[in-house]
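Scroll down for the structure; my scribbles are underneath it.
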Amino acid sequence: MIESEEKNLQAVEEENSQIDFDELMRKYDTEARFRALSGSVGKFVSLLAVAMSCFHFYTSGFGLLLAQKQGAVHLAFTLALVFLLYPASSKHSKTSGVPFYDWILAGLGVASTMYLVVFFNELVTRSGLPTQTDLIMGFILIATLLEATRRISNPVLPCLAVIALLYCYFGRSMPAAIGHRGFSVPRIINHMFLGTEGIFGTPLEVSSTFVFMFILFGSVLEKTGMGKFIIDLSMALAGWSTGGPAKVAVVSSGLMGTVSGSSVANVCTTGMFTIPLMKSVGYEPHFSGAVEAVASTGGQIMPPVMGAGAFIMAQFLGVPYIEVALAAVVPALLYYFAVMVQVHFEANRLGLTGIPRAQLPRLWPLIREKGFLLIPLIAIIYLLLAGYTPLKAAFNGILVSFVLSWLNKETRLTPPRILEAFEAGARGAIGVACACATVGMVVGTGTLTGLALRIAGAIVTLAGGSKILTLFFTMCASIILGTGLPTTANFIVTSTMAAPALFQLGVPAKAAYMFVFYFGIAADLTPPVALAAYAGAGIAGSDPMKTGVTAFKLALAGFLVPYVYVYNPMLLFIDATPLPMAQAIITALIGVFLLAMCTIGYFKASLAWYLRIAALAGALALLIPGTLTDLFGLGVLALIFVIQTAKAKKMKTAVN
């Protein structure tokens, strides 16, 4: 048996050696399509990235600039790095040089943003009365920002921004339902460039403070060897159990999600190890890729970081960040519990075993040797609970990481490693910065024209005032709006365009924002544009569409849970009381357990079709708040348990 498992692990290594990690990242993650710079240009770009991280690290610890100035410096660094690192076409992503026109674009981007910093006092005194120079600089910034976002992201977001700008201008030519009086080009530029509700609005403000520091924190942790430690820890915790490799994927991807801001990057990072390992023990390729995609996408809803979307949500709600993180705990628990149960049932169905303990890292020696790597995460959570701002918590978390890394020679953050971490942190943040600045124009369109309220009214009217239909249409809108967008931009767009429909029906703001946040992220798992699932398929060597459909099935709990907490806000700690809250959590867990039976079609033995339907009905009953529905769901569970136990005994007797 041990020899068999050694062959499995050897097969994993061989399969990994055949996968071109960089090529895979370039295919599915647009932020990986950067130039391979060397020589003096490469050193200059590296120094520029380090300088960006140093600026944010210093200001977070010793005092921020005024919000617009902080955002402008943040965006100046971002535009310079994007034009120097990312070519106009992905076909030239492997070239080492920077063409002259990209130097010009980088210079124009820096000049247009720093114009706001240098002439800030003059701009404030003539607020609302822009000069021709102001308007020219604003136009340059809008144009360079759209191009930078196209390069580092994809055409979806800049196209959405362009449509928003055209809508501002051509409002009087629109149908009456969404029409408005229209605005002149100078008025639009003034609103987007010089106002606080356009490019330099809340999204960029959060990107230039909380988001950057948490990305830098994650980069610092990665340089200490946190990624390898998480995989080793997951192997020690779950690798030995039934279908262990799949559970390792779920645990490691969930933990990586606490410091990762991208579903696709998470898939490519942990999936390079977990997907071949799942295949080696007997899971089908498409199922292996789907498990990793679902687990990695769930990292975006896993506290404390939540793909940086939680910081934006806290700003929109006007509440401390820790409230949003706490509200996400129960939904994330239900999501991951559902995935874990499904991979367990699938392993039982296929007769798969775990990896022998002799082949796995030993838990306690691992914790003794490198367990201190978890302390920075624990420290951040403690600081947030103690009332520190996310900015100060991230700053102190980085300092703690610096100190603790010296406890082990392998994890030690030497000066070269710190520089590498600071460079990687800046590179990881520029995609979010571009997205936040660009989506600021979409938000600005809403405030300038009242578009958000019109969309909300249209959704409510289409639903005929029905709450469940409004939720369904809002879900569809969120998935469509979230297609191909980074997590942060995803939430900003969906919260601006879709969430107001729920406000009109009296849904608590926190529940409404969490609803659209979940479904915006679900776009990464929803064919035909299921980027996380397709990345998993690329590693697994499986059919992308089949992997995407399987991922959708595995994430079904994630599509139902948001409806549950809208109807039962206690799951988000809204007006929660202990006993009803406990009942809601327990019945919801049993509900997703039944849902897992339905999707996999197995419990002790294969489930007949009518029992799968019964399991679905019982799951929905348990997820709907109410004592009668809970009793019905528990009755269904008891019935299935009796039938399947008898069936399993009969099958065992027949074999013997």
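All heavy atoms count here, side chains included; hydrogens, waters and symmetry mates do not.
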Is the backbone N or O of Leu413 less than 3.5 Å from a side-chain atom of Ser405, with the two atoms forming a donor-acceptor pair by type? yes
Reported CE-to-CG distance for the pair Met597 and Leu616, which is rounded to 0.5 angstrom: 12.5 Å
Go through the steps to decide whether Val294 and Phe552 satisfy the test side-chain contact (heavy atoms from CB on, under 4.5 Å), and finish with yes or no. CA-CA 8 Å; Val294 173; Phe552 177 81; over 6 Å; no
Does any part of the side chain of Phe593, heavy atoms only, come nearer than 4.5 Å to the side chain of Leu622, both counted from C-beta? no
Taking atom CZ of Arg362 and atom CD1 of Ile367, what is their separation to the nearest 0.5 Å? 12.5 Å
Look only at the side chain of Thr411 and the backbone of Thr224, and say whether a donor-acceptor pair between them is shorter than 3.5 Å. no
Any non-hydrogen side-chain atom of Tyr58 less than 4.5 Å from a side-chain atom of Phe395? no
From CZ (Phe345) to CG (Leu607), nearest 0.5 Å: 8.5 Å
Establish, from distance only, whether the side-chain atoms of Ser542 and Thr547 form a donor-acceptor pair under 3.5 Å. yes
Give, for atom CZ of Phe229 and atom CG of Asn408, the distance between the pair rounded to the nearest 0.5 Å. 11.0 Å
Going from OG on Ser46 to CG on Leu419, what distance comes out if it is rounded to the nearest 0.5 angstrom? 9.5 Å
Test item: Val248 and Met278 side chains (from C-beta on) under 4.5 Å apart, heavy atoms: no
Taking C-beta and beyond as the side chain, do Met570 and Pro580 meet within less than 4.5 Å on heavy atoms? yes
Pair Phe519-Phe491, ring pair (Phe, Tyr, Trp, His ring centres under 6.0 Å): steps then yes or no: CA-CA 9 Å; Phe519 285 116; Phe491 170 68; over 10 Å; no
Would you say the side-chain atoms of Ser401 pair up with the backbone N or O of Leu221, donor to acceptor, closer than 3.5 Å? no
Do the non-hydrogen side-chain atoms of Tyr335 and Val592 ever get within less than 4.5 Å of each other? no
Taking every non-hydrogen atom, the tightest pair across Phe337 and Leu589: CE2-O, 3.3 Å
So which heavy atom on Met213 is nearest to which on Ser60, and how close? CE-OG, 3.3 Å
For Ile590 and Leu634, the nearest pair of non-hydrogen atoms, with its separation, is CD1-CD2, 3.8 Å
Heavy-atom closest pair, residues Ser288 and Lys279: OG-CG, 3.6 Å
Any donor and acceptor pair, going by atom type alone, linking the side chain of Tyr283 with main-chain N or O of Glu346 inside 3.5 Å? no
Of the non-hydrogen atoms in Phe212 and Ser53, which two are nearest, and what is the gap between them? CZ-OG, 3.5 Å
Would you check if Gln644 and Tyr602 make a side-chain contact, meaning some heavy-atom pair closer than 4.5 Å? no
For the pair Asn568 (side chain) and Val564 (backbone), establish whether a donor and an acceptor sit closer than 3.5 Å, ignoring hydrogens and angles. no
Check the side chains of Gln342 and Thr599 for a donor-acceptor pair under 3.5 angstrom, ignoring hydrogens and angles. yes
Is the backbone N or O of Leu277 less than 3.5 Å from a side-chain atom of Ser280, with the two atoms forming a donor-acceptor pair by type? yes
Test side-chain contact (heavy atoms from CB on, under 4.5 Å) on Leu572 and Val330; report intermediate values, then the result. CA-CA 7 Å; Leu572 301 180; Val330 175; over 6 Å; no
Taking it one step at a time, do Met340 and Val251 satisfy side-chain contact (heavy atoms from CB on, under 4.5 Å)? CA-CA 9 Å; Met340 190 70 82; Val251 174; 3.7 Å; yes
Verify the neighbour count for atom OH of Tyr388: are there more than 12 heavy atoms of other residues, nucleotides or ligands below 6.0 Å? no
With a 4.5 Å cut-off on side-chain heavy atoms, are Leu560 and Leu595 touching? yes
Does Glu323 reach the side chain of Phe573, with side-chain heavy atoms less than 4.5 Å apart? no
Do the rings of Tyr518 and Tyr565 sit parallel, tilted or perpendicular, given the 30° and 60° boundaries? perpendicular
Between Lys647 and Ser606, is there a donor-acceptor pair closer than 3.5 Å when you use the side chain of the first and the backbone of the second? yes
Donor-acceptor pair, Ser219 side chain versus Ile215 backbone, under 3.5 Å? no
Residues at least two apart in sequence or cross-chain that pass side-chain hydrogen bond (donor to acceptor under 3.5 Å, both in side chains) with Asp630, listed by chain then number, are Gln583
Please table the atom pairs, donor to acceptor, closer than 3.5 Å between any side-chain atom in residues 232-243 and protein atoms at least two apart or in another chain.
from: Asp232; atom 1: OD2; to: Lys228; atom 2: NZ; distance (Å): 2.9
from: Ser234; atom 1: OG; to: Ile230; atom 2: O; distance (Å): 2.8
from: Ser234; atom 1: OG; to: Ser252; atom 2: N; distance (Å): 3.2
from: Trp240; atom 1: NE1; to: Leu237; atom 2: O; distance (Å): 3.0
from: Ser241; atom 1: OG; to: Ala238; atom 2: O; distance (Å): 2.8

Is Lys247 reaching over with its side chain to a backbone N or O of His344, donor-acceptor style, under 3.5 angstrom? no
Within the supplied structure, the quantity of interest is the number of heavy atoms (other residues, nucleotides, ligands) at a distance under 6.0 Å from Lys546 NZ; does it exceed 12? no
Quick one: closest heavy-atom pair of Ile539 and Val267, and the distance? CD1-O, 3.7 Å
Report the distance from atom NZ of Lys510 to atom CG of Leu326, rounding to the nearest 0.5 Å. 8.0 Å
Using 30° and 60° as the class boundaries, would you call the ring planes of Phe214 and Phe217 parallel, tilted or perpendicular? perpendicular
Criterion side-chain contact (heavy atoms from CB on, under 4.5 Å) on Val220 and Lys223, from CA distance to verdict: CA-CA 5 Å; Val220 169; Lys223 287 300 174 183; 5.9 Å; no
May I ask you to check whether over 12 heavy atoms, not counting those of Arg412, lie within 6.0 Å of atom CZ? yes
